[in-house]
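Worksheet for the structure shown next.
FYI, side chains are in, hydrogens and waters are out, and symmetry mates aren't considered; it's all heavy atoms of this structure. Letters A, B, ... are given to chains in the order of the sequence lines, protein chains preceding strands, and every chain is numbered from 1.
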There are 2 protein chains.
Amino acid sequence: MLIEIDFNSPEAIYIQLRNQIVMAIARERLHDGDSLPSVRSLAGTIGVNMHTVNKAYAMLREEGYLKLDRRKGAVVSVETAGKDKELDKINDYMQMIVAQAICKEISREEITRMVDEMYEEFRLL
Amino acid sequence: MLIEIDFNSPEAIYIQLRNQIVMAIARERLHDGDSLPSVRSLAGTIGVNMHTVNKAYAMLREEGYLKLDRRKGAVVSVETAGKDKELDKINDYMQMIVAQAICKEISREEITRMVDEMYEEFRLL
DNA sequence: TATCTGATATAGTAATTCTATAACAGATGG
DNA sequence: CCATCTGTTATAGAATTACTATATCAGATA
């Protein structure tokens, strides 16, 4: 589980962490049942405070990607039940993307092709 | 030009402002050459500080949506030259969206259908 | 000349982010 | 039994960002 943090990024560290773990799951580098490093050890590895990792883990639990257990630690467990809520969230993000694309004269085909390629990429890696 | 700010949103006010103006351009409620309200008047209308609006305008200029002029004020002027840079930016956003979609078992077809519908919507309104 | 425009400077408040330290309950392994 | 690990929680401080409040400036306008 390779994590890389850009300390100069305007993106908050715990958000970068959260994003990379979501992508690792999508890329099937992390599977249901896999254990993540403990908050303390991961914090030590990447050189941040324990609470920063904890915040990312808590967020991922809230979003239905992890289950946290005092004995087993952080275990990947993707909740696919609330799919409608997820679609609403994605819809909001997508609205901004498409708005920008339209303004910048980027066609529907260019965007859907981008989506297609991205789905392929995630399946391969 | 109807602007609605959610003061309880975690999204910064100047970002909400920026987003709504981009969407207004995409929806063709704002066209190239249209003037926006002055920073002071818009700030007064929505009940925020002048600097907050100024920050949004400066960001939109930076991103190639507006031109700011001391005499004409803020004028819509969409720069479509740096299309590659825009595609890179959209690619990053899209990567996170697709990652989440894959994790939550949302299919490629569902996403591309969402994009298609969104392009239609923006054309209509 | 009075009034508008964006731009800029300064300063204060509030919220968020990150760090630091500490302690807790529960589970685990020697 | 005890040391050690887990996530969880509390508190506090530093740093950064967001927002507000005033004020001033140069340039354009009517």
Side-chain angles (χ1 to χ4, degrees), chain A residues 1 3-21 30 32-79 96, chain B residues 1 3-22 30 32-79:
Chain A
M1 183 64 212
I3 298 275
E4 293 208 2
I5 298 299
D6 177 6
F7 290 97
N8 295 321
S9 169
E11 195 112 56
I13 295 172
Y14 77 98
I15 297 287
Q16 291 185 50
L17 250 169
R18 177 266 177 197
N19 287 347
Q20 295 200 24
I21 290 170
L30 284 177
D32 259 54
D34 286 355
S35 283
L36 293 181
S38 75
V39 287
R40 287 172 180 83
S41 82
L42 183 52
T45 303
I46 61 184
V48 300
N49 190 271
M50 187 203 76
H51 292 293
T52 307
V53 178
N54 192 281
K55 199 167 177 179
Y57 279 13
M59 187 181 186
L60 287 162
R61 180 192 54 189
E62 201 69 24
E63 296 179 314
Y65 290 101
L66 294 184
K67 277 188 180 163
L68 301 181
D69 195 314
R70 240 186 285 265
R71 52 200 166 191
K72 288 180 259 172
V75 179
V76 176
S77 169
V78 180
E79 175 63 69
M96 277 314 304
Chain B
M1 182 63 211
I3 297 275
E4 293 208 2
I5 298 298
D6 177 6
F7 290 96
N8 296 321
S9 169
E11 196 111 60
I13 295 172
Y14 79 98
I15 297 289
Q16 291 185 50
L17 249 169
R18 177 266 178 197
N19 287 347
Q20 294 199 26
I21 290 170
V22 170
L30 285 176
D32 258 53
D34 285 356
S35 284
L36 293 180
S38 74
V39 288
R40 288 172 179 82
S41 83
L42 182 51
T45 303
I46 61 184
V48 298
N49 191 272
M50 186 203 78
H51 292 292
T52 306
V53 177
N54 193 282
K55 199 168 179 180
Y57 279 12
M59 187 181 188
L60 287 162
R61 179 192 52 188
E62 201 68 23
E63 296 179 316
Y65 290 101
L66 294 184
K67 278 189 180 163
L68 302 181
D69 195 314
R70 242 186 286 265
R71 52 204 163 189
K72 288 181 258 171
V75 180
V76 176
S77 170
V78 180
E79 176 62 68

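- Between B/E11 and B/D6 there is no side-chain heavy-atom pair separated by less than 4.5 Å.
- In this structure, A/S38 does not reach the D/dC5 phosphate: none of its side-chain N or O atoms is under 4.0 Å from OP1 or OP2.
- Between B/R18 atom CZ and D/dA18 atom P the separation is 14 Å, expressed in whole Å.
- Annotation: side chain of A/D34 is not in contact with side chain of A/V75 (no heavy-atom distance under 4.5 Å).
- For the helix from C/dT1-D/dA30 to C/dG30-D/dC1, the terminal axes (five pairs an end, C1' atoms, rotation from four pairs onto the next four) enclose an angle of 10°, given to 10 degrees.
- Summarising the geometry, the separation between CD1 on B/I46 and P on D/dA18 is reported as 16 Å, rounded to the nearest angstrom.
- A 4.5 Å side-chain heavy-atom check between A/L36 and A/L66 finds at least one atom pair inside the cut-off.
- Taking the side chain as every heavy atom from C-beta outward, A/Y65 and A/I21 never approach each other to under 4.5 Å.
- Between the C1' atom of D/dA28 and the CG atom of B/L68 lies a distance of 15 Å, rounded to the nearest Å.
- Partners of A/D69 by side chain to side chain donor-acceptor pair (under 3.5 Å), not counting sequence neighbours, listed by chain and number: A/R71.
- Atom CD1 of A/I5 and atom P of C/dT17 are 15 Å apart (whole Å).
- Distance CD1/A/I5 to OG1/A/T45: 11.5 Å, rounded to 0.5 Å.
- One distance of note links CD of B/E4 with CD of B/Q16; it measures 10.5 Å at 0.5 Å rounding.
- Within the 4.0 angstrom heavy-atom criterion, only backbone atoms of the sugar-phosphate kind lie near A/A74; the bases stay farther away.
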Scoring nucleotides 18-30 of chain C by protein non-hydrogen atoms under 4.0 Å (B base, S sugar-phosphate only, - none) yields SBBBBB-BSS---
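- In this structure, NZ of A/K72 is placed 20 Å from C1' of D/dT4, rounded to the nearest angstrom.
- Between B/L60 and B/L17 there is no side-chain heavy-atom pair separated by less than 4.5 Å.
- Rounded to an integer number of Å, the gap from CG of B/N54 to C1' of D/dA18 is 14 Å.
- Smallest separation of non-hydrogen atoms from A/Y14 and A/A56: O-CB, 3.5 Å.
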